[in-house]
Undergrad: 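First the structure, which I've put down as structure tokens, then a few questions once you've had a look.
Note that ligands are numbered from 1 as they come in the structure, with each ligand's atoms numbered from 1 the same way.
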Amino acid sequence: MRAIFKILRLPGDGVGPEVLDEACSVLSEVGARKDVQFEFTDGLIGGAAIDACGSPLSDEDLVKARDSDAVFLGAVGGPKWDHFSKETRPEAGLLKLRKELGLFANLRPVKIFDALAGASPLKDEIVRGADLMVVRELTGGLYFGQPSKRMKDETGRSAVDTLPYHESEIERIVDLAFRLAGQRRKKVTSVDKANVLNSSQLWREVASEVSERYPDIEFEHALVDSCAMALISRPTTFDVMVMENLFGDVLSDEAAVLAGSLGMLPSASLNGKPPAREGTQAEMFGMYEPVHGSAPDIAGQGKANPVGAILSASMMLRFSFGLDALADTVDNAVANVLEQGVRTGDIAGPDMAPASTSEFGSAVREQAAALAAAR
Ligand SMILES: NC(=O)c1ccc[n+]([C@@H]2O[C@H](COP(=O)([O-])OP(=O)(O)OC[C@H]3O[C@@H](n4cnc5c(N)ncnc54)[C@H](O)[C@@H]3O)[C@@H](O)[C@H]2O)c1
């Protein structure tokens, strides 16, 4: 019987629709070859939604998201909406989606393709072979803790933010990190600031307790400051790195630099556990999106790199649908196309003619079809 997966597509703004188109056609290509059907429904988010209905995410599209097996998002934002208030800006649509769907885990893999090791700002010998995943807690910590406010009295201005975590919030994200590590190179680094912060001491305690359930996975604690240095001096020594919201925000951006272009990076935001093994149903919902923004400087010019979106589609296959073999096909297709020297402008060398977004997408589609047929 043909398996059907329902995907809500939210292309958003700028290059979002361009890269999502390419990624969706890669999905359709690999699905058709393995008797899997992806049923796409379209919705609006960000500036596109503001222009159409006055809100960055309508309740109707939120219902569509809940009715889907996964959400696939392009990017939101752009200069046209920069003067909007915090609550009505395009980004508010993304925050609403994360909050309403309870997406507490943000996964950002950074894999350096051999063909692109030279494109990194780091030396080839440091970055070659790096393949890590930052797992960031997304719904707790400093960004949501109360009190969070500014004050003023006769002595002057002051401000406070609060970093609260309950052990259950730490347990679920660290447990997820161990499950992910089990499918990768079997190492977890838990990042904290336990030499100073109470919240980090609790984080360290709970992370150690969770680690006892996974004796076959190597486990280490790291202080966030020294970890920030290690990430760029010895990135190949990391596999899965798990941390609270603020630390994750900072270190995931630092890790992104390793890849040489923002256009290369995928992400997933999950609200539960991915499938325990290939072919089993996910116990969670996921939203998938490239890490980059709407890139207004190159939007509409066919210059956007679709790799981040295509690899986000591969994460969807793996984490939401349990289709690991198809995900591997997509990952390998991207690697092969890069090996062949097909590059969009952001990663092309000085002597290379850059491929357009759709030329790159077609090359991946053809490769994926060839790999799927050969299986
Ligand atoms: N998740 C999101 O939707 C998201 C994330 C970040 C920024 N934004 C929004 O996007 C808008 C632009 O923000 P920004 O310029 O700071 O970040 P950006 O990621 O859009 O662009 C930063 C730089 O990277 C380049 N770039 C980005 N994606 C690329 C791709 N796929 N291929 C090739 N080059 C690419 C851009 O051309 C630009 O030079 C803002 O409105 C911002 O708020 C949205």
Undergrad: What residues form a salt bridge (Lys or Arg N to Asp or Glu O under 4.0 Å) with Asp13, not counting sequence neighbours?
TA: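 Asp13: no salt bridge (Lys or Arg N to Asp or Glu O under 4.0 Å) contacts found.
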Undergrad: Only heavy atoms of Gly78, strictly under 4.0 Å: list the atoms of ligand 1 that pass.
TA: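 Here the atoms of ligand 1 in question are 41 (O).
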Undergrad: If you have a sec, work out which protein heavy atom is nearest atom 23 (C) of ligand 1 and how many Å separate them, to one decimal?
TA: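 That would be Leu262 CD1, 4.4 Å.
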Undergrad: For ligand 1, which atoms, with element, lie under 4.0 Å from some heavy atom of Gly77?
TA: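 Every atom of ligand 1 under 4.0 Å from some heavy atom of Gly77: 41 (O).
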Undergrad: For atom 15 (O) of ligand 1, find the nearest protein heavy atom and state the residue, atom name and distance (0.1 Å precision).
TA: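 Ranking protein heavy atoms by distance from atom 15 (O) of ligand 1, first comes Pro296 CD, 4.5 Å.
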Undergrad: Quick check: does Ala75 get an N/O under 3.5 Å from an N/O on ligand 1?
TA: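 Such a contact does not occur with ligand 1.
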Undergrad: Does Val19 share a hydrophobic cluster with Leu265, counting links as ILVMFWY side-chain heavy atoms below 4.5 Å and allowing steps through other members?
TA: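 In one cluster: no.
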Undergrad: Among protein heavy atoms, which lies nearest atom 44 (C) of ligand 1, and at what distance?
TA: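 Of the protein heavy atoms, Val76 O, 3.0 Å lies nearest.
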Undergrad: Side chain of Asp175, backbone of Glu171: donor and acceptor closer than 3.5 Å?
TA: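 Not at all, since once roles are kept as given, no pair shorter than 3.5 Å links the two residues.
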Undergrad: Classify the contact between Leu94 and ligand 1 as side chain, backbone, both or neither, using a heavy-atom distance cut-off of under 4.0 Å.
TA: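 Looking at Leu94 and ligand 1, just side chain atoms fall under 4.0 Å.
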Undergrad: Restricting to side chain to side chain donor-acceptor pair (under 3.5 Å), what partner residues turn up for Asp21, sequence neighbours left out?
TA: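 Partners of Asp21 under the side chain to side chain donor-acceptor pair (under 3.5 Å) test: none.
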Undergrad: Return yes or no for this condition: an N or O of Gly74 is under 3.5 Å from an N or O of ligand 1.
TA: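 For ligand 1, there is no N or O atom that lies under 3.5 Å from one belonging to Gly74.
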Undergrad: For atom 38 (C) of ligand 1, what is the nearest protein heavy atom, given as residue, atom name and distance?
TA: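 So the nearest neighbour among protein heavy atoms is Asp297 OD2, 3.5 Å.
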Undergrad: With respect to Asp82, determine whether any N or O atom, backbone or side chain, lies less than 3.5 Å from an N or O atom of ligand 1.
TA: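 Not met; the criterion fails.
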Undergrad: Nearest to atom 1 (N) of ligand 1, what protein heavy atom do you find, and at what distance?
TA: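 Protein heavy atom at minimum distance: Glu289 OE1, 3.4 Å.
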Undergrad: Counting N and O atoms only, with roles assigned by atom type, does the side chain of Asp161 sit under 3.5 Å from a partner on the main chain of Leu142, one being a donor and the other an acceptor?
TA: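 Checked: no pair found.
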Undergrad: Does Arg9 count as lying over the ring of Phe40, i.e. NZ or CZ under 6.0 Å from the six-ring centre, within 45 degrees of the axis?
TA: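 That pair qualifies as a cation-pi contact.
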Undergrad: Run the numbers for me: atoms of ligand 1, each under 4.0 Å from some heavy atom of Gly263, listed by number.
TA: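 So the atoms of ligand 1 that pass are 30 (C), 31 (N).
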Undergrad: Can you find a pair of side-chain heavy atoms, one from Asp51 and one from Trp81, that are under 4.5 Å apart?
TA: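 Yes, side chains in contact.
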Undergrad: Heavy-atom distance from atom 18 (P) of ligand 1 to the protein below 4.0 Å?
TA: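 When distances to the protein are checked, atom 18 (P) of ligand 1 has a heavy atom within 4.0 Å.
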Undergrad: What is the nearest protein non-hydrogen atom to atom 43 (O) of ligand 1, stated with its residue, atom name and distance?
TA: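 For atom 43 (O) of ligand 1, the nearest protein heavy atom comes out as Glu91 OE2, 2.5 Å.
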Undergrad: Using the rule that Ile, Leu, Val, Met, Phe, Trp and Tyr join whenever any side-chain heavy atoms are under 4.5 Å apart, tell me whether Val196 and Leu251 fall into a single cluster.
TA: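 As far as the 4.5 Å side-chain criterion goes, Leu251 and Val196 are connected within one cluster.
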Undergrad: Think Arg172 forms a cation-pi with Phe104, using NZ or CZ under 6.0 Å from the six-ring centre and within 45 degrees of its axis?
TA: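 Yes, Arg172 sits over the ring of Phe104.
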Undergrad: Counting only heavy atoms on the protein side, is anything nearer than 4.0 Å to atom 13 (O) of ligand 1?
TA: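 It does not; no protein heavy atom is within 4.0 Å.
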Undergrad: Check step by step if side chain to side chain donor-acceptor pair (under 3.5 Å) holds for Thr88 and Ser85.
TA: CA-CA 5 Å; Thr88 57; Ser85 70; 3.0 Å; yes
Undergrad: Counting both backbone and side chain atoms, is some N or O of Ser294 under 3.5 Å from an N or O of ligand 1?
TA: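 Yes: some nitrogen or oxygen of Ser294 is under 3.5 Å from one in ligand 1.
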Undergrad: Closest non-hydrogen protein atom to atom 20 (O) of ligand 1, residue and atom name please, with distance?
TA: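 The answer is Ala295 N, 2.7 Å.
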Undergrad: Does Gly293 reach ligand 1 with a nitrogen or oxygen that is under 3.5 Å from one of the ligand's nitrogen or oxygen atoms?
TA: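 For ligand 1, there is an N or O atom that lies under 3.5 Å from one belonging to Gly293.
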Undergrad: Please report whether ligand 1 has a polar contact with Asn305, defined as an N or O pair separated by less than 3.5 Å (distance criterion only).
TA: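 Min N/O separation from ligand 1 is below 3.5 Å for Asn305.
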Undergrad: Is the shortest side-chain N to carboxylate O distance from Lys186 to Asp239 below 4.0 Å?
TA: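 Looking at Asp239 together with Lys186, the answer is no, because their closest N to O distance does not fall below 4.0 Å.
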Undergrad: Using heavy atoms and a 4.0 Å limit, tell me yes or no: is Ala304 in contact with ligand 1?
TA: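 Judged by the 4.0 Å heavy-atom criterion, Ala304 does count as contacting ligand 1.
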Undergrad: Let me see the working for Ser267 and Arg108 under side chain to side chain donor-acceptor pair (under 3.5 Å), right down to the final yes or no.
TA: CA-CA 5 Å; Ser267 79; Arg108 283 208 199 176; 5.6 Å; no
Undergrad: Treating Ile, Leu, Val, Met, Phe, Trp and Tyr as nodes and any side-chain heavy-atom pair under 4.5 angstrom as an edge, say whether Leu62 and Val71 lie in one connected cluster.
TA: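 Yes; Val71 is reachable from Leu62 via cluster members.
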Undergrad: Please state which protein non-hydrogen atom is closest to atom 35 (C) of ligand 1 and give its distance, to 0.1 Å?
TA: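 The answer is Ile298 CD1, 3.9 Å.
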Undergrad: Touching ligand 1 at all, Val15? Heavy atoms, strictly under 4.0 Å?
TA: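 No heavy atom of Val15 comes that close to ligand 1.
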